[in-house]
Amino acid sequence: MAATVLHGRRRGKERSTPEMPFPPDMQMQGTKMGQSGMILPNGTDIRDVTILSKSEWNRIQQELHKRQIEEERMRRLREEKENRKQMSKEMVQHWGNTIAGTRTRKLEARKLREQKEEEEKQAIDLEEAKYQAQKRKEAIEKAKTQQYYQTDRVKNFHSALMLTEVLKEREAQIELKKLQEKANEGKDAEWLQLAKREHENAILQDQEKARQRIHATKDNQRFLSAQIQEHMKEKQEEVEEDHKEGDELQRLALQFHTEKERLDQIKRDEKLQMMRDNVAQINDRRVIKKVMEQQEDEEDEECRIFAAAKRKMMKLRAEKEQQIHEEKQRNLQKIREKLAAQLQQKVSDEDERIRKAVEEAEEKRAKEEAEKEAKMLKGMEESAKHRNKQMREAEQKKKEERRQELEMVRIRQAADEIFRRNEEEKHQRRREDAVGLKNFHQEQVNLRKQKEAEAIQEKLALDQANQALLAVEEEQFQEYAGRVIDHCEKGGRNVYPLRKAAKNGAGGGKGPVFEGKGGIRPSYMVNDKSGKQMPHYQRDSTEETKESIYGPAKSKKRLGFVW
């Protein structure tokens with residue numbers, strides 16, 4: 001049994017090993033090791049190696065990969081289930097004895113029946129379309145033929161054909177008259193009596209017809225009179241309706257003019273109000289400027305008044321101090337004089353008393369001076385506080401007024417800025433409108449030029465198409481006229497009117513054919529009140545003369561005369 005070797009540390013008891021767990025060379029090396037231990041050449045100790053059987057190895061692998069194995073098994077089961085389900089569906093969907101199979105057969109049969117009906121309808125529609133196309137083609141051919149027969153040249157040609165038939169009939173009548181004259185040479189009297197009777201009968205019939213015509217004319221006259229009266233009444237009603245419509249139009253026109261004048265007045269009032277607002281705004285700016293200048297002057301005046309008051313206060317303070325000093329000197333002088341007098345009166349025994357009196361006087365004076373000084377300082381302090389308070393209030397009031405003025409100025413500036421932006425936007429809109437109008441006018445000019453050029457090209461193309469169509473019509477007419485003339489010649493008729501009507505050039509005139517104008521033949525009228533057409537006697541000799549004068553090339557120049 002083969003074995004698998006795992007390198008690792010031995011755990012527990014060693015398992016029983018096969019008889020030859022190692023190759024022969026490894027056994028020989030092991031025997032050579034001797035007491036040094038069983039060490040493999042790669043450094044592995046044989047005593048640390050565990051040998052596992054295949055079943056044990058499979059069990060370990062199954063335990064390690066149990067989840068993957070289970071997932072793989074479930075996946076195979078799902079695939080088998082899905083395959084069986086799909087196989088069942090494929091088998092069932094072709095069964096015919098089920099409800100779904102019956103429904104499927106019915107749907108397929110209905111689809112085939114509808115397809116067959118649709119094919120039959122398409123075939124019927126195709127036959128109907130072919131029949132209608134044939135009918136339309138026949139109607140178009142008939143309309144073309146009738147329209148062709150209504151052209152002037154064909155009418156003239158048919159008139160000539162009728163003239164030819166008339167000439168042929170006239171010749172036959174002349175021949176018949178000659179034969180009748182020969183046959184009825186002796187029956188003139190009988191024929192004369194018969195002619196008289198027929199003439200009398202004809203006169204009676206004509207008189208009867210005249211009476212009937214007169215009666216019919218009177219009836220027609222009465223009918224026409226009634227119809228004229230009815231037409232006059234209708235005309236009168238139309239005139240009255242026209243008058244009513246004219247009055248209504250005049251009223252609407254008057255209302256339109258009134259509304260227009262009112263709108264114009266509103267626009268003028270708006271412009272006048274805008275002008276007044278602008279003038280008021282300018283005046284407000286001037287007043288604000290004057291107020292600001294007056295405030296600046298008042299501030300300067302207040303500064304000057306404050307400086308003058310301060311100088312006056314300093315001057316009064318100095319005078320007050322001078323007065324106090326002078327009062328003090330006067331008091332001292334009085335005291336000295338009094339003391340000198342007392343000293344003079346009491347020199348010897350009054351020294352102590354004088355000293356005490358002087359000290360008391362000095363103390364009293366010092367006290368009074370201190371009280372006066374304190375009172376003066378208190379007054380000055382109160383005055384300074386009052387002055388500072390007044391100055392702070394004035395400053396606060398001035399700041400508040402200044403703030404209000406600045407706020408008003410900012411509001412005015414914002415209003416001016418808004419007005420300026422509005423004016424700029426109006427100007428920009430007017431400019432954009434003007435540019436758009438200019439572009440629109442330019443586009444209209446270009447479009448009109450393009451339309452004129454296209455109209456010219458269309459006219460040129462139309463002229464070319466008309467010339468080609470005239471050439472085709474001329475060719476068809478000549479072919480038709482040629483067949484008719486040949487048939488008439490074979491019938492022995494006079495074909496001169498036909499040849500004259502079938503000559504080249506449309507228009508019916510007697511002038512030369514204009515090749516560049518579609519081959520038309522113009523008419524040349526005499527310059528008098530008769531308005532008759534002048535004859536044209538140009539012959540082949542004219543072309544020979546032109547060739548001899550102008551050369552072999554075809555020329556449209558004239559020799560100066562064609563008659």
Side-chain angles (χ1 to χ4, degrees), residues 133 136-137 139-160 430-482 500-540 542-547 549-563:
R136 285 195 299 271
K137 185 175 180 182
I140 290 170
E141 292 295 333
K142 183 178 179 181
K144 286 183 179 179
T145 304
Q146 291 178 355
Q147 187 177 5
Y148 181 71
Y149 286 161
Q150 292 298 321
T151 57
D152 294 337
R153 293 199 68 187
V154 176
K155 283 183 178 181
N156 293 331
F157 185 75
H158 287 172
S159 298
R430 287 196 295 270
R431 182 177 178 84
E432 291 176 357
D433 293 340
V435 172
L437 184 61
K438 186 186 76 172
N439 295 332
F440 176 72
H441 288 167
Q442 187 65 32
E443 290 177 359
Q444 283 188 332
V445 171
N446 296 333
L447 183 61
R448 185 164 59 250
K449 290 182 179 178
Q450 184 179 0
K451 287 183 177 179
E452 290 176 356
E454 291 177 355
I456 292 172
Q457 294 296 327
E458 289 179 358
K459 288 181 180 179
L460 294 175
L462 183 61
D463 291 340
Q464 294 177 359
N466 287 333
Q467 291 179 7
L469 183 61
L470 288 173
V472 173
E473 290 179 354
E474 182 67 24
E475 183 179 357
Q476 293 176 355
F477 177 75
Q478 293 298 330
E479 181 182 359
Y480 172 71
K500 186 176 181 182
K503 64 181 179 180
N504 292 330
K510 296 182 179 180
V513 177
F514 286 172
E515 297 294 338
K517 297 294 183 180
I520 63 174
R521 187 183 294 274
S523 300
Y524 294 95
M525 313 303 292
V526 296
N527 191 12
D528 56 9
K529 61 181 180 180
S530 64
K532 293 183 179 180
Q533 185 178 178
M534 293 187 293
H536 174 59
Y537 299 129
Q538 185 171 333
R539 296 291 182 268
D540 295 336
T542 305
E543 298 296 333
E544 294 176 359
T545 306
K546 284 185 178 181
E547 184 176 357
I549 295 174
Y550 300 116
K554 191 172 183 180
S555 175
K556 295 182 180 179
K557 296 181 179 180
R558 298 188 179 278
L559 298 175
F561 55 91
V562 292
W563 299 284

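Hydrogens, waters and symmetry mates play no part in the numbers below; they use all other heavy atoms, side chains included. Position 1 is the first residue of the sequence, and the numbers go up from there.
Between Y480 and H158, the angle of the ring planes goes over 60°, which puts this pair in the perpendicular group of the 30/60° scheme.
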Distance-only check: which donor-acceptor pairs under 3.5 Å involve side-chain atoms of residues 444-456, not counting sequence neighbours?
from	atom 1	to	atom 2	distance (Å)
N446	OD1	Q442	NE2	3.4
N446	ND2	Q442	O	3.1
Q450	NE2	E454	OE2	3.2

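For the pair V154 and Q150, the minimum side-chain heavy-atom distance is 4.5 Å or more. At least one side-chain heavy atom of Q146 sits less than 4.5 Å from a side-chain heavy atom of K142.
Interatomic distance, CD of Q478 versus CD of Q476, reported as 11.5 Å (0.5 Å rounding). Remark: N439 CG to E443 CD distance equals 6.5 Å, nearest 0.5 Å.
The stretch residues 452-479 participates, sequence neighbours left out, in these ring-ring contact (aromatic ring centres under 6.0 Å, His included) pairs: F157-F477.
Residue E141 places its CD atom among more than 12 non-hydrogen atoms of other residues, nucleotides or ligands, all under 6.0 Å distant.
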